[in-house]
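Report on the following structure.
Chain naming here is simple, since letters A, B, ... match the order of the sequence lines and numbering starts at 1 in each.
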Amino acid sequence: MAQISLTFPDGNARSYDAGVTPAEVAESISKSLSKKAISAQVDGAHWDMQWPIKADAKIAINTPADDTAALELIRHDAAHIMARAVQEIWPDVKVTIGPVIENGFYYDFDRQEPFTPEDLGAIEKKMKEIINKRDPITTEIWDRERAIRYYQANNEPYKVELIEAIPGDEPLRMYWHGHWQDLCRGPHFQQTGQVPADAFKLMSVAGAYWRGDSDRPMLQRIYGVAFRNKNDLRAHLTMLEEAAKRDHRKLGREMDLFHMQEEAPGQIFWHPNGWRIFTELQNYMRRKQEAGGYVEVNTPQLVDRSLWEKSGHWEKFGENMFVVEVDEEHAREKAVNALKPMNCPCHVQIFNQGLKSYRDLPLRMAEFGCCNRYEPSGALHGIMRVRGFTQDDAHIFCAEDDIESETSIYIQWLTEVYTDLGFAEFKVKFSDRPEVRAGADEIWDKAEAALLDATRKAGIEPELNPGEGAFYGPKLEFVLTDAIGRDWQCGTHQVDFVLPERLDATYVGADGAKHRPVMLHRACLGSFERFIGILIENHAGKLPFWLAPRQVVVASIVSDADNYVHHVVKTLKARGVRAEADIRNEKINYKVREHSLSKVPAILACGLKEVEAGTVSVRRLGEKQTHVETLGSVADQLCAEATPPDQAKKHELTVV
RNA sequence: GCCGGCAUAGCUCAGCUGGUAGAGCAACUGAUUUGUAAUCAGUAGGCCGGGGGUUCGAGUCCCUCUGCCGGCACCA
């Protein structure tokens with residue numbers, strides 16, 4: 001038999017018969033390794049212990065200590081074991097696919113009856129039985145014909161379709177445990193008992209379209225999480241509880257920020273506290289935009305159909321627009337208007353007023369535009385995904401040659417904003433030309449290169465999203481990561497060759513001829529509503545002092561301190577701090593508890609001692625310790641904290 | 001939009017197989033003047049999401065609409 005050479009991680013090589021399996025390799029090294037082994041890496045690929053190795057390769061044997069490999073196998077095998085459990089309980093259920101996902105796995109089933117929470121418990125129990133049976137997992141290669149015949153005979157149409165979709169003459173791999181088998185590319189464990197029986201949990205059932213296509217049947221997806229041990233599972237469940245505590249919908253109610261109601265689905269009733277956050281953030285953005293060379297404009301909410309037809313939105317996004325018909329008194333037909341779903345066509349109208357010269361470019365036009373989009377009901381989510389929202393939108397009208405420099409300037413500016421708002425770390429995604437697109441390839445070449453070069457010059461290597469650009473131009477997306485590791489796509493920066501053309505925007509060049517400007521659509525926060533939701537969840541409601549709607553509560557301990565409390569509040573307000581008095585006839589314990597729960601960052605308690613000494617007792621949110629300080633120094637400190645970051649920086653500069 | 005679940009007092013939730021709605025917190029009133037995460041007592045509070053049906057009788061069962069929640073699809 002032919003010999004092959006396998007090189008181990010330590011650099012040593014050994015020779016084996018061609019077709020040797022990692023199981024045999026492990027055995028040849030040591031008994032203990034062969035016992036522990038779960039899979040292998042062969043030339044970097046994750047390799048089943050039973051798969052033959054036919055040529056020279058680098059090999060490493062994985063043990064349960066190898067996080068990535070172990071978790072992948074645990075989750076993948078758990079998915080298969082779940083599918084087997086389901087079919088053992090309900091033999092008529094049809095199986096489809098069951099991949100590994102973050103923290104766990106899912107499997108999609110076709111079953112008439114819906115799965116209930118009680119069913120999940122029964123499935124879990126059955127899964128544990130299967131694990132405890134320690135059934136050996138074996139693998140076989142089948143040809144397509146045999147596999148198709150097998151699945152046809154077993155009435156598994158989804159599997160037949162999957163096989164038919166696998167290209168070419170690739171051999172098909174079947175996995176068996178016990179009498180049960182599934183088509184799978186592997187790798188898997190050696191026996192079902194290698195999945196920890198106490199470290200997985202079935203979480204939920206949800207509908208999911210077959211092959212992700214909304215025109216195809218809806219299947220039932222069961223989601224599970226799986227880990228290497230009980231403790232990791234417990235830690236994950238605790239993390240989920242923590243995330244639930246941060247839910248902006250819950251905190252929004254507790255902090256009295258906003259509410260929503262049936263009569264206005266997907267729209268927000270902002271209460272005073274919430275609106276304070278909104279305006280504070282908007283004031284900040286307005287100052288930043290002004291500093292960044294933007295001009296701010298405001299355009300109509302309700303715009304006649306004809307403009308949307310010209311811009312192309314009517315045809316492409318009409319389904320998602322709120323349309324308003326009005327009986328105008330002199331008109332023969334009803335006037336048809338739409339609430340603006342975006343600001344760009346209106347901005348072009350402003351650009352088109354009068355003649356623009358190349359000297360006017362780049363023209364950075366910003367609007368806190370209130371937009372309405374008819375989002376499908378199932379897409380709505382708290383204040384994160386709504387039907388009425390405010391964008392921090394801007395369009396930069398510039399020459400093609402300016403794309404790169406404007407992109408650089410924008411990335412710099414956006415970095416400052418994200419840093420000020422507590423998101424110093426962010427990722428950039430780059431989407432290039434889609435199959436169906438407008439504009440000549442040379443222009444796309446130039447625009448894509450400009451976006452990429454500008455991003456790299458900012459020291460960021462973007463992730464690539466091939467083919468994901470808009471039909472009218474390539475784009476950058478800015479993704480920030482929150483305090484518990486979740487990603488939020490917020491900023492965008494898109495090149496648009498099409499809209500200036502459609503709406504006939506022109507400028508007079510140095511050559512005296514008319515030219516077509518390029519438009520850069522950009523937003524940094526995305527929508528204020530969603531961004532505030534992200535801020536609330538990121539900070540678990542404990543917003544930075546300058547954004548906190550209620551910054552200070554001054555609480556009396558005895559009613560003889562009431563006058564002093566009012567004096568303290570007045571002093572702080574005069575320094576621009578949002579302070580309020582709490583002189584209710586309640587114990588200080590009660591007041592501290594209540595204001596702490598509603599996330600007021602600073603509580604100043606005043607009793608007779610403070611009245612006499614002209615001090616306050618300071619208690620900061622989240623701290624048990626209190627300290628007594630003079631009113632003057634507390635006011636100085638809180639005033640500094642209440643200053644928004646951009647103004648604080650400016651202040652530093654003028655002082656230095 | 002699709003699949004599933006849910007909708008009871010301001011909030012969080014009880015209310016078994018149909019027999020006329022209950023708790024805690026909040027609110028209000030009174031007492032208490034209090035030292036850093038709940039002082040005590042009392043009072044009031046509900047078209048049980050909307051509409052229709054079954055029944056002698058519906059918060060409870062059925063149909064339907066709306067909204068919310070978890071996913072899927074969507075996200076210019």
Side-chain angles (χ1 to χ4, degrees), chain A residues 106 108 110-111 113-117 119 203-223 244 247 249-250 253-254 256 259-266 308 311-321 340-345 371 373-382 384-387 389 391 470-473 475 489 492 494 496 498-499 521 526-527 530 555-562 583-598 603-610 617-628:
Chain A
Y106 67 77
D108 286 347
D110 185 10
R111 179 186 182 222
E113 299 290 302
F115 289 110
T116 65
D119 290 341
M203 304 296 286
S204 60
V205 189
Y209 295 109
W210 169 232
R211 315 213 100 190
D213 183 343
S214 58
D215 292 330
R216 312 200 65 177
M218 173 76 59
L219 306 171
Q220 293 191 65
R221 175 172 299 177
I222 301 180
Y223 283 96
D247 191 315
R249 293 166 296 195
K250 182 172 136 73
R253 193 169 44 239
E254 287 171 3
D256 194 16
H259 84 271
M260 301 174 88
Q261 63 186 52
E262 254 187 61
E263 289 83 349
W308 302 116
S311 71
H313 291 102
W314 191 266
E315 192 200 356
K316 251 187 123 64
F317 307 107
E319 294 271 289
N320 299 306
M321 284 161 70
K340 68 176 170 189
M342 49 184 19
N343 309 297
C344 28
C371 297
R373 296 179 186 175
Y374 183 82
E375 301 285 0
S377 57
L380 301 177
H381 177 87
M384 301 276 208
R385 186 86 183 266
V386 287
R387 288 181 178 158
F389 56 95
Q391 291 180 313
F471 77 94
Y472 52 76
K475 68 177 171 187
Q489 201 249 100
T492 58
Q494 311 197 15
D496 187 349
V498 173
L499 199 62
H521 303 251
S527 101
R530 178 163 174 273
S556 58
I557 296 172
V558 290
S559 50
D560 284 343
D562 288 358
I583 54 165
R584 287 176 304 170
N585 179 8
E586 294 291 352
K587 284 190 152 182
I588 191 66
N589 288 306
Y590 182 89
K591 297 183 184 180
V592 164
R593 178 180 150 83
E594 191 181 275
H595 300 305
S596 299
L597 284 174
S598 61
I603 298 170
L604 309 184
C606 302
L608 289 179
K609 279 185 249 170
E610 286 76 14
S617 169
V618 183
R619 181 180 170 125
R620 298 301 300 249
L621 182 59
E623 289 174 17
K624 261 214 144 70
Q625 212 54 38
T626 64
H627 65 277
V628 176

What is the separation between atom CD on A:E262 and atom P on B:rU66, rounded to the nearest whole Å? 10 Å
How would you label the contact of A:L219 with the nucleic acid (heavy atoms, under 4.0 Å): base, sugar-phosphate, or nothing? nothing
Review item, nucleotides 38-44 of chain B N/O atoms under 3.5 Å of protein N/O:
from: B:rA38; atom 1: N9; to: A:R593; atom 2: NE; distance (Å): 3.4
from: B:rA38; atom 1: N7; to: A:R593; atom 2: NE; distance (Å): 3.2
from: B:rA38; atom 1: N7; to: A:R593; atom 2: NH1; distance (Å): 3.3
from: B:rA38; atom 1: N7; to: A:R593; atom 2: NH2; distance (Å): 3.1
from: B:rA38; atom 1: N6; to: A:R593; atom 2: NH2; distance (Å): 2.4
from: B:rA38; atom 1: N1; to: A:R593; atom 2: NH2; distance (Å): 3.2

Distance, C1' atom - from B:rU29 to B:rC65, rounded to whole angstrom: 43 Å
Under 4.0 Å between any heavy atoms, over every strand shown, what does A:E610 touch: base, sugar-phosphate, or nothing? Just pick one. base
Taking the same atom, P, in B:rG22 and in B:rG35, what whole-Å distance lies between them? 39 Å
Could you tell me how the ring of A:Y472 sits relative to the ring of A:H521: parallel (under 30°), tilted (30 to 60°) or perpendicular (over 60°)? tilted
Expressed as a whole number of Å, how far does the P atom of B:rG50 sit from that of B:rA21? 16 Å
Side-chain donor/acceptor of A:Q261 to base of B:rG49, under 3.5 Å: no
When rounded to whole Å, the CZ to P distance for the pair A:R584 and B:rA31 reads 18 Å
Starting at the 5' end of RNA chain B, write a dot or bracket for each base, bracketing those in Watson-Crick or G-U wobble pairs whose two distances are under 3.5 Å and using | for partners on another strand. (((((((..((((.....[..)))).(((((.......))))).....(((((..]....))))))))))))....
Whole Å only: how far is the CD atom of A:E263 from the P atom of B:rG49? 15 Å
Pair of N/O donor and acceptor under 3.5 Å linking B:rU33 base with A:S559 side chain: yes
Say we look at B:rG10 and B:rC2: how far apart would their C1' atoms be, to the nearest angstrom? 35 Å
Treat primed atoms plus P, OP1 and OP2 as sugar-phosphate and everything else as base, then score nucleotides 68-76 of chain B 5' to 3': B for base contact with protein heavy atoms under 4.0 Å, S for sugar-phosphate contact only, - for none. SSBBBBBBB
What I want to find out is whether A:R211 reaches A:D213 closely enough, with some N-O distance under 4.0 Å, to be called a salt bridge. no
Closest non-hydrogen atom pair between A:M321 and A:W314, with its separation: CE-CE3, 4.2 Å
Distance between the P atoms of B:rG59 and B:rG49, in whole angstroms? 10 Å
Integer angstrom distance from the P of B:rG15 to that of B:rU8: 14 Å
Can you tell me how far C1' of B:rG1 sits from CZ of A:R216, to the nearest Å? 18 Å
